[in-house]
Amino acid sequence: MYIMRRRGSENVRSMREMEGELERLSSKSSHIFSTSILPPLGAPSNRKHKLRPFTISPFDPRYRTWETFLVILVFYTAWVSPFEFGFLRGPKGPLTITDNIVNGLFAIDIVLTFFVAYLDKSTYLLVDDRRLIALRYAKTGLVLDVISTIPSELARKLLPAHLEAYGYFSMLRLWRIRRVSAMFQRMEKDKNYNYVMVRIAKLTCVTLFTVHLAACIFYLLADRYKDPKQTWIGLSIENFHEVPLWNNYVTSVYWSIVTITTIGYGDLHPVNTGEMIFDIFYMFFAIGLGSYTIGNMTNLIVETTFKTRKFREAIYAASGFAKRNQLPTRLQDQMIAHMSLKYRTDSEGLQQQETLDALPKAIRSSISHFLFYSLVDKVYLFRGVSNDLLFQLVTEMRPEYFPPKEDIILQNEAPTDMYILVNGAVDLLSLRDGKERVVGELRTGDVCGEVGVLCYRPQIFTVRTKRLSQLLRLNRTALMNILQANIGDGTIIMNNLLEHLKEYKDPVMHEILAYTEHMLAHGRMDMPLSLCFAAARGDDLLLHHLLRRGLDPNELDNNGRNALHLAASKGFLECVLLLLDYGANPNTKDSEGNVPLWDAILGKHEAVIRVLVDNGATLSSGDVGGFACYAAEQNNIELLKEITKFGGDVTLLNCSGTTALHTAISEENVEIIKFLMEQGADIDKPDVHGWTPRALADHQGHEEIKALFQTKQKSKNHVRHSENEQAPYFKLKKYSSEPVIPPVNKSLSSTDLSSSNDRLKRKPSNFQNSLAEIITASHKQNIEGGKATSRSSLTPGTGKNCARVTLSCPERGDRIGRLVFLPGSLEELLDLGYQKFGIRPTKVLTEGGYVIEDLAVIRDGDHLILSSEGGSQVKMQDFA
């Protein structure tokens, strides 16, 4: 398969260049067609089938060269064999040597044929079995090939006395002429050769060989006759045996030509009975050959003049039609110009549409994409649409040529097609007060007729060519069918059209814009539109109409945003209310992690914010860490306060693995850093690259920030030291003999526990892609699959832990703690601490300072302390 390569030029090539490219590909592929092997249905191609060792493929280029060389030798044999038969009585030195050399070469070909695979005509597959090759050759041409290579001198000694005349045996060599016939058959199918010239060459060779053969035989009749004077040549040339051989050959050829052309006899005619009988059969043959030659030549001539005759008939018919109906001169000129252009393109071999229609759709699409994609991509109407839509549109476009001064679109005609100018020049004309005036001119890449097609109005301009122009035609039905499957791109196209209409200063165009927007708002357009289109424009009437038609209020555009995102970001309260009434999810995230509430906060749309919050919108559903980083990057502390106001944790990592504190340090904003630290930001929390805020501040040399961090660290150490003095640390272990203690509060029923569990359910994790979340998810699956150990603290029938504990983290200044349900493993408990307090704890302690190594020793109502410190706090573990 050949792939047409782009040559770097952004200019669209004409159809003549396309034909040149196709001609090049066709000339390359003609060898493939002549050497390919047609596989059976359902079987893979065997073109690359590996033949047996010492077996030659008949399609091997080297073997084809050898065959061509033998064809040249056949032409020599076709001349010399009849000549020796008719004019020579014995061998001649140079001629005999040449004959024997040619016979030797054909003898080599006989041996070579036993190693050449053949094509089975029934299965059309290559046969490389040497036994079958030899058997087939023996049944076809082996005997005649061997006989035709025997030297004439040897044959004279082997034949009887009455057949010893030189040349009889050499006539068998004419068996080789079959190679010439096969050569002409291949050339007739080869696109590299002109079919008419090949046919003429074949007819010429047949006629010349017939004339030469008849001349040699007719001279032989006279030469062997008992009375030389009673022969056709003896009557005109006495003692013709003494005349040079070349003169006799010319005379014989002259007689053969006047006989085969049925001109008749003058000075030469048959005399004896044998000559007359030969002439009778020869003239019968000449009649058939002449009929065959004349018929072929007539067909070739008629075929070459058929298009011209058809064109002239069409011109006469068009002229008669115009005169009979008294059409204006301008219309007559347009008719004749268009038909002349069509004839010129066809006669020059372009036939672009016929050529494309004969190809499979995939090849047509590839050709159209190669020729016109770069042009269509620059059209204002398709700016911003997907590549898939452009590819589909280009496939449906049809290139057409228009002569100068021809109308392409008429004003007020039905909107059926739109056009894109490829090359040439086109005028836009408006008919006002009975006069046409030019209102614009199109150049390469401009589009016309789009207002009528997309707004379904009568065409507003007459489009007329200034010179020979090529345009791409796109049918309205095909366009609408494609847009039905690409609604998002359809809205982009419609928005591009409306924005383009706004740029016009013409009152007519503004009237069309107002009419189109009115029709859109009431849903009276055939154009497929999306909710995002209506929401982005704030068109609540159109949005309501689309929602009533059943469109999904949560449908997303190419950026993962839905209509609620767009309406909230622009503050369109009516659109937001409509979408929420029809079930839009107020917490949907787009591809960047933004939620509608965040869009409204950025736009400072207070009314939209209140509506979203009242309907359950939260910032925690989105990338809160990303929101905080954005506020810190903008040095906007008020935005950070807004995030915390609506429940957002400004200490979380964003999707890139960094925190707002890291960003604030980079921006050197001390006020924001203080605010973040007040909200619990950890100065030792690393980002995705391992940089902690303290290390980042030290690396960048921010002295004021470093001093702030040192003050924070001293305060933290003081609190931790006081706690260490209050209670020693011990390590608790669970022994196999230790009984499992059930929950303390036995008065709670399973129903109460279930409802309590629902009320205290944990919020969704904000680190879905972290290692902690993967470990947590793994443990959750083990518990749900029944792989967790059975404990008395599990709620019967649910597999969930009903023990409640209090978690506190003095390192974060939290001594009161938070009441949570005890998870299923110690690792999950550490992950829960990371989620609640934003630090990565390494151990769990009791109020008495014991280090907990097994979750089974924890009882309902215990107060647990999370710690990330090591070394010094574990010094009491030997006490256990």
Side-chain angles (χ1 to χ4, degrees), residues 589 591-595 598 619-637 639-641 643-644 647-713 715-717 763-777 809 811-814 827 830-842 866-870:
K589 288 195 302 182
S591 59
E592 297 179 355
N594 299 323
V595 291
W598 173 247
L619 286 178
S620 58
S621 301
D623 183 12
V624 183
F627 305 157
C629 288
Y630 174 79
E633 184 179 353
Q634 299 298 320
N635 294 322
N636 192 340
I637 192 172
L639 188 56
L640 279 173
K641 293 179 180 179
I643 295 174
T644 57
D649 189 353
V650 295
T651 66
L652 297 177
L653 294 168
N654 65 0
C655 59
S656 301
T658 187
T659 65
L661 186 57
H662 289 84
T663 306
I665 294 172
S666 300
E667 298 294 332
E668 301 184 43
N669 195 317
V670 179
E671 183 182 4
I672 290 181
I673 293 174
K674 291 180 179 179
F675 176 80
L676 293 172
M677 292 175 64
E678 291 174 359
Q679 298 301 317
D682 188 3
I683 61 176
D684 293 317
K685 184 177 183 178
D687 61 4
V688 69
H689 302 293
W691 286 92
T692 63
R694 193 206 312 253
L696 183 62
D698 185 64
H699 176 73
Q700 296 184 358
H702 303 316
E703 298 299 332
E704 185 177 359
I705 298 175
K706 288 166 61 179
L708 184 64
F709 285 170
Q710 290 175 0
T711 304
K712 176 69 175 178
Q713 185 64 29
S715 175
K716 183 189 298 185
N717 293 338
K763 295 181 181 180
S765 173
N766 288 321
F767 49 95
Q768 290 87 349
N769 294 326
S770 66
L771 179 60
E773 177 64 13
I774 296 174
I775 298 174
T776 304
C809 183
E811 297 179 16
R812 292 299 304 270
D814 188 339
E827 289 82 359
L830 295 175
D831 292 336
L832 184 59
Y834 173 74
Q835 180 182 356
K836 294 296 183 181
F837 303 107
I839 67 170
R840 180 68 65 184
T842 59
L866 302 178
S867 174
S868 63
E869 298 296 326

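Considering all non-hydrogen atoms of both residues, Ala632 and Ala664 come closest at CB-N, 4.1 Å. When every heavy atom of Ile643 is checked against every heavy atom of Ala631, the shortest pair comes out as CD1-CB, 4.5 Å. The nearest pair of heavy atoms linking Pro841 to Leu866 is CB-CB, 4.1 Å. Considering every non-hydrogen atom in both Pro693 and Asp682, the closest pair reads CG-O, 3.6 Å. Here the shortest heavy-atom pairing between Cys629 and Asn654 reads SG-ND2, 3.6 Å.
Listed by chain and number, the residues in a side chain to side chain donor-acceptor pair (under 3.5 Å) with Thr644 amount to none (sequence neighbours excluded).
To the nearest 0.5 Å, atom CG of residue Leu639 and atom OH of residue Tyr630 are 7.5 Å apart. With values rounded to the nearest 0.5 angstrom, Thr651 atom OG1 is found 12.5 Å from Met677 atom CE. Atoms CG and CD, from Leu640 and Glu671 in turn, are 10.0 Å apart once rounded to the nearest 0.5 Å. Here the CD1-CD1 distance, from Ile673 to Ile637, works out to 11.0 Å after rounding to the nearest 0.5 Å. From Lys589, atom NZ reaches atom CG of Asn594 across 10.0 Å, with rounding to the nearest 0.5 Å. A distance of 12.0 Å separates CD1 in Ile705 from CD1 in Ile683, rounded to the nearest 0.5 Å.
Among residue pairs with one or both ends in residues 661-670, those qualifying as side chain to side chain donor-acceptor pair (under 3.5 Å) are Asn635-Asn669, Thr659-His662; sequence neighbours excluded.
Using bins of under 30°, 30° to 60° and over 60° for the plane-to-plane angle, the ring pair Trp691/His699 lands in the tilted bin.
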